[in-house]
*Asks:* 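One structure coming up, written as structure tokens, with questions to follow.
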Amino acid sequence: MTTPPPEASDDADTRLDQLVGLVVALASGNLGARMEPSPANDRIDAVTVGLTMLAEELQVLTEDMELRVAERTRQVADAHRQLERLALYDQLTGLANRTLLTARLDRAVARAERRGGPPAVLVLDLDGFKVVNDSFGHGVGDLLLIEVADRLRGIVRDIDTVARLGGDEFAVVISHATLDQVVEVATRIQQALARPVQAGAQQCWVGTSIGIRLAEPNLSAETLLRDADTAMYVAKGRGRGGIEFFESAMHATALRRVRVAEELRAAIADGQLQMRYQPIVELSGGRIAGVEALVRWQHPVRGLLTPDQFISVAEDTGLVVPLDAWVLDTAIAQAAKWRSTVLGTSDFGMHVNISPLELRSPAFADDVLERLGRSGAVAGDLMLEVTETQLMGEDAQTARALEKLRAAGVGVAIDDFGSGYSSMGYMRRQFVDVIKIDRSLIAELDSDPQQHRVAAAILGLVDAFGLTAVAEGVETPAQAARLHALGCRFGQGFLWGRPVRARTMTDLLRRSIDAPGGRVQRPVRPGTGRSSTMPGSSAGGRGP
Ligand code: C2E
Ligand code: MG
Ligand code: MG
């Protein structure tokens with residue numbers, strides 16, 4: 001048995017100590033700790049080499065793990081940022097969304113005391129955006145919104161917030177604003193949006209209506225935004241491109257509209273709607289050639305209401321759909337009744353106003369034809385009135401619906417022609433039969449030479465396109481005489497009668513038919529009736 005020399009055993013002890021030290025270092029996480037093997041090449045060295053290899057492997061694994069943890073941390077942070085973008089920013093324009101705007105507005109109100117004055121919030125809605133969207137498609141609409149967002153961003157300071165609330169509605173929060181600053185920003189926004197926008201291949205014009213609410217302590221962002229929105233609707237109602245500051249009276253108006261909507265809903269179901277008929281008269285001879293059906297609301301407290309007191313509420317709330325359905329059914333049933341009792345074979349036009357919502361409904365044409373079929377009325381006795389504003393940005397579906405109705409014999413009139421964004425283009429549309437010249441274009445006919453020239457030009461065009469003209473709002477014999485001299489064939493107005501009940505109109509129709517040589521003329525197609533009698537001079541009834 002050989003025993004190692006004393007120096008050799010000392011050396012082994014020292015290395016054993018070092019080995020223990022290495023194990024402790026590695027176990028405590030110092031994976032870089034190493035121990036050189038000795039020339040002895042004994043079991044201690046074998047363990048040392050084994051430990052070193054293990055430590056190296058562990059080190060590589062740990063480094064790899066650390067890299068992966070760093071990568072995952074970055075991904076989590078990215079996802080967090082993306083979530084935040086989704087939750088707080090508008091995807092299309094990159095502007096703040098309603099949530100972020102509300103939070104910032106609340107903060108700005110809270111800080112107002114300490115930091116130089118309360119904020120103001122502006123809510124703006126693009127005028128004419130729907131026309132762009134309907135005419136050129138959503139792609140162009142999107143490009144337009146992006147450009148509008150850029151222009152808005154360019155106007156405000158870094159501390160202000162621009163947001164898109166949805167659709168074509170935007171908002172701006174101006175931090176600690178003075179009245180002058182707010183007006184200046186609103187004006188600059190209007191100027192910036194008045195410039196045409198190049199959206200893809202299309203050049204578009206939009207404007208904007210702006211409602212402004214100056215913040216007050218203790219008012220929530222939600223309230224301020226609602227008030228600014230109310231003011232914006234008032235601005236829009238006063239015509240394009242308006243700016244309005246919120247006033248508390250506006251809130252009362254908004255509340256009143258809500259109440260009117262509630263009452264109207266019940267009124268339609270309760271049979272409070274009534275119909276009046278206003279004669280449309282042939283200028284030469286004065287015979288009644290048709291009537292316009294005009295709806296009234298017999299309100300239990302407020303009395304008889306005219307459409308201007310409820311139609312816009314009905315349109316905003318969708319109630320105009322059941323309202324128009326009632327009007328159509330009532331008017332068609334009345335036309336059928338007159339046809340079988342007083343009209344005989346005479347031409348006749350029952351004019352019915354159609355709301356934009358109704359016109360754009362996909363089932364519109366079939367619905368009208370179905371109602372006609374059910375009532376047994378003659379399609380040729382029905383004339384639908386649509387306004388030129390309704391036809392703006394008219395889509396292929398609307399045109400198809402009107403063409404289908406016209407093919408079935410139903411007439412189409414452009415109502416209030418000349419009151420809005422008139423386009424002679426509408427006169428050329430396949431589905432148009434009648435142009436109703438707006439009251440505003442004939443009001444000064446006897447005194448204003450320019451109005452005379454305009455009326456003459458329009459009537460010339462109506463004739464050139466083979467259409468029929470009806471002048472609206474004729475109140476004096478002089479107006480009627482001038483219109484007649486200019487070649488206008490039909491008139492409607494207080495001169496011949498206000499809108500009256502069906503019963504009264506039945507009598508007027510009977511008298512008109514029974515008048516000497518009288519055939520009721522239909523104002524819907526060109527080429528009917530002529531006479532040299534002066535307008536307004538015949539028995540065409542005057543309403544009560
Ligand atoms: P509109 O279609 O242009 O109808 C003519 C309006 O002018 C009627 O007002 C009529 O009473 C009024 N008017 C007629 N002759 C004269 C005149 O000589 N002088 C003056 N100053 N006014 C005259 P109304 O009945 O208040 O209707 C206002 C508007 O409400 C209508 O304008 C039409 O756009 C809408 N409307 C009426 N009935 C209906 C309906 O059943 N459905 C829908 N959707 N809208 C309707
Ligand atoms: Mg009308
Ligand atoms: Mg009209």
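Note that ligands are numbered from 1 as they come in the structure, with each ligand's atoms numbered from 1 the same way.
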*Asks:* Might you work through the side-chain hydrogen bond (donor to acceptor under 3.5 Å, both in side chains) test for Q309 and T306, ending with a clear yes or no?
*Replies:* CA-CA 6 Å; Q309 291 166 287; T306 48; 3.2 Å; yes
*Asks:* Pick, from T387, D324, T476, the option with the minimum heavy-atom distance to atom 44 (N) of ligand 1.
*Replies:*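 Among T387, D324, T476, the closest heavy atom to atom 44 (N) of ligand 1 comes from D324.
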*Asks:* Within the stated cut-off of 2.8 Å, is an N/O/S atom of E292 closer than that to the Mg ion (ligand 2)?
*Replies:*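 So E292 counts as coordinating the Mg ion (ligand 2), yes.
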*Asks:* For ligand 1, which is the ligand I care about here, please tell me if R296 has any N or O atom under 3.5 Å from one of the ligand's N or O atoms.
*Replies:*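 Such a contact does occur with ligand 1.
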*Asks:* Looking only at N, O or S atoms, find the one in D416 nearest to the Mg ion (ligand 3) and name it.
*Replies:*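 It is OD1 of D416.
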*Asks:* Using 4.0 Å as the upper bound for N to carboxylate O, is an ion pair formed by D507 and R503?
*Replies:*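 Judged by the 4.0 Å cut-off on N to carboxylate O distance, R503 and D507 do not form a salt bridge.
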*Asks:* Quick one: look at V352 and ligand 1, take heavy-atom pairs under 4.0 Å, and tell me if it's side chain, backbone, both or neither.
*Replies:*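 Near ligand 1, V352 shows nothing, with every heavy atom at 4.0 Å or more.
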*Asks:* Considering heavy atoms of the protein only, find what lies nearest to atom 5 (C) of ligand 1 and give residue, atom and distance to 0.1 Å.
*Replies:*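 Protein heavy atom with the smallest distance to atom 5 (C) of ligand 1: E292 OE1, 4.0 Å.
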*Asks:* How far is atom 6 (C) of ligand 1 from its nearest protein heavy atom, and which residue and atom name does that atom have?
*Replies:*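 Looking only at protein heavy atoms, the one closest to atom 6 (C) of ligand 1 is R439 NH1, 4.5 Å.
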*Asks:* Should the pair R213-D229 be classified as a salt bridge under the 4.0 Å nitrogen-to-oxygen rule?
*Replies:*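 Looking at R213 and D229, the cut-off is not met.
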*Asks:* In the protein, what heavy atom is nearest to atom 16 (C) of ligand 1, and what distance, to one decimal place, separates them?
*Replies:*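 Residue, atom and distance for the closest contact: F494 CE2, 3.2 Å.
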*Asks:* Please lay out, stage by stage, how R257 and S312 fare under the test side-chain hydrogen bond (donor to acceptor under 3.5 Å, both in side chains).
*Replies:* CA-CA 9 Å; R257 285 174 70 83; S312 77; 3.2 Å; yes
*Asks:* Hey, does E315 sit under 4.0 Å from ligand 1 if you only count heavy atoms?
*Replies:*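 Heavy atoms of E315 never come under 4.0 Å of ligand 1.
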*Asks:* Decide whether D127 and S209 meet the rule of one side-chain donor and one side-chain acceptor closer than 3.5 Å.
*Replies:*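 Checked: D127/S209 side chains pair up, N/O donor to acceptor below 3.5 Å.
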*Asks:* Hey, is V474 touching ligand 1 through its side chain, its backbone, both or neither, going by heavy atoms under 4.0 Å?
*Replies:*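 Just the backbone.
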*Asks:* Considering only heavy atoms, which of V327, V321, I442 lies nearest to atom 41 (O) of ligand 1?
*Replies:*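 The residue whose heavy atom sits nearest atom 41 (O) of ligand 1 is V327.
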*Asks:* Quick one: do R259 and E263 make a salt bridge, cutoff under 4.0 Å?
*Replies:*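 The answer is no: the pair does not qualify as a salt bridge.
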*Asks:* Just checking: N353, one of its N/O/S atoms, less than 2.8 Å away from the Mg ion (ligand 2), yes or no?
*Replies:*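 For N353, the answer is yes, given that an N, O or S atom comes within less than 2.8 Å of the Mg ion (ligand 2).
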*Asks:* For K404 and A365, work out which heavy atoms get closest and say how close.
*Replies:*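 Closest approach of K404 to A365: CD-CB, 4.1 Å.
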*Asks:* What distance separates W338 CH2 from M505 CE, expressed to the nearest 0.5 Å?
*Replies:*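 One finds 6.0 Å between CH2 of W338 and CE of M505.
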*Asks:* Of all N/O/S atoms in D415, which lies nearest to the Mg ion (ligand 2)?
*Replies:*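 Of the nitrogen, oxygen and sulfur atoms in D415, the Mg ion (ligand 2) lies nearest to OD2.
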*Asks:* Going through the distances and angles, do L402 and R406 end up as a side-chain contact (heavy atoms from CB on, under 4.5 Å)?
*Replies:* CA-CA 6 Å; L402 291 176; R406 194 168 184 271; over 6 Å; no
*Asks:* Among all the protein's non-hydrogen atoms, which is closest to atom 46 (C) of ligand 1, and how far away is it?
*Replies:*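 The closest one turns out to be N353 CB, 3.8 Å.
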*Asks:* So which heavy atom in the protein is nearest atom 15 (N) of ligand 1, and how far is it from that ligand atom?
*Replies:*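 Protein heavy atom with the smallest distance to atom 15 (N) of ligand 1: Q278 NE2, 3.0 Å.
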*Asks:* Taking only Lys NZ, Arg NE, NH1 and NH2, and the carboxylate oxygens of Asp or Glu, determine whether E222 and R226 approach each other closer than 4.0 Å.
*Replies:*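 No.
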*Asks:* Would you check the N or O atoms of V295, main chain and side chain alike, for any that come under 3.5 Å of an N or O of ligand 1?
*Replies:*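 Yes, V295 has an N/O under 3.5 Å of an N/O on ligand 1.
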*Asks:* Atoms of ligand 1 less than 4.0 Å from P499 heavy atoms?
*Replies:*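 Near P499, the atoms of ligand 1 are 11 (O).
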*Asks:* Might you check, step by step, whether the distance between atom 11 (O) of ligand 1 and some protein heavy atom is under 4.0 Å?
*Replies:*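 Looking at atom 11 (O) of ligand 1, one finds that a protein heavy atom does lie closer than 4.0 Å.
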*Asks:* So L459 and I437, side-chain contact (heavy atoms from CB on, under 4.5 Å) or not? Walk me through it.
*Replies:* CA-CA 9 Å; L459 285 164; I437 300 170; 3.7 Å; yes
*Asks:* Could any protein non-hydrogen atom be found less than 4.0 Å from atom 32 (O) of ligand 1?
*Replies:*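 No.
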*Asks:* Are any side-chain N or O atoms of R265 and backbone N or O atoms of I268, one a donor and one an acceptor, separated by less than 3.5 Å?
*Replies:*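 No, the answer is negative, given that no donor and acceptor are paired below the 3.5 Å cut-off.
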*Asks:* Can you list the steps and then say if F417 with D438 is a side-chain contact (heavy atoms from CB on, under 4.5 Å)?
*Replies:* CA-CA 5 Å; F417 188 87; D438 192 63; 5.8 Å; no
*Asks:* Check whether the side chains of R296 and Q298 place a donor and an acceptor atom closer than 3.5 Å, and report yes or no.
*Replies:*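 No, no side-chain donor-acceptor contact under 3.5 Å.
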*Asks:* Could you tell me the residue and atom name of the protein heavy atom closest to atom 3 (O) of ligand 1, and the distance to it rounded to 0.1 Å?
*Replies:*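 Answer for atom 3 (O) of ligand 1: D416 OD1, 3.0 Å.
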*Asks:* Report the C-alpha separation of F348 and V378 in whole Å, then their side-chain angles, then the decisive distance to 0.1 Å, and conclude whether the side-chain contact (heavy atoms from CB on, under 4.5 Å) test is met.
*Replies:* CA-CA 10 Å; F348 181 76; V378 187; over 6 Å; no
*Asks:* What atoms of ligand 1 come within less than 4.0 Å of a heavy atom belonging to E472?
*Replies:*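 Heavy-atom distances to E472 below 4.0 Å select 3 (O).
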*Asks:* For ligand 1, which is the ligand I care about here, please tell me if T306 has any N or O atom under 3.5 Å from one of the ligand's N or O atoms.
*Replies:*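 No; the residue has no nitrogen or oxygen that sits under 3.5 Å from a nitrogen or oxygen of the ligand.
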*Asks:* Return the residue, atom name and 0.1 Å-rounded distance of the protein heavy atom closest to atom 19 (N) of ligand 1.
*Replies:*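 Checking every protein heavy atom, the shortest distance to atom 19 (N) of ligand 1 gives E475 OE2, 2.5 Å.
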*Asks:* With the Mg ion (ligand 3) as the reference point, give the N/O/S atom of E472 that is nearest.
*Replies:*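 It is OE2, the N, O or S atom of E472 closest to the Mg ion (ligand 3).
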*Asks:* When L359 is tested against each of V386, L384, T387 for side chain to side chain contact (heavy atoms under 4.5 Å, CB included), which residue passes?
*Replies:*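 When V386, L384, T387 are each tested with L359, the side chain to side chain contact (heavy atoms under 4.5 Å, CB included) holds only for V386.
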*Asks:* Quick test: of every protein heavy atom, which one is nearest to atom 37 (C) of ligand 1, and how far off is it to 0.1 Å?
*Replies:*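 The closest one turns out to be P307 CG, 3.4 Å.
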*Asks:* Heavy-atom contacts with E385 under 4.0 Å: which atoms of ligand 1 show up? List them by number with element.
*Replies:*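 In order of numbering, the contacting atoms are 2 (O).
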*Asks:* For the Mg ion (ligand 2), what is the closest N, O or S atom on E385?
*Replies:*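 Of all N, O or S atoms in E385, the Mg ion (ligand 2) lies closest to OE1.
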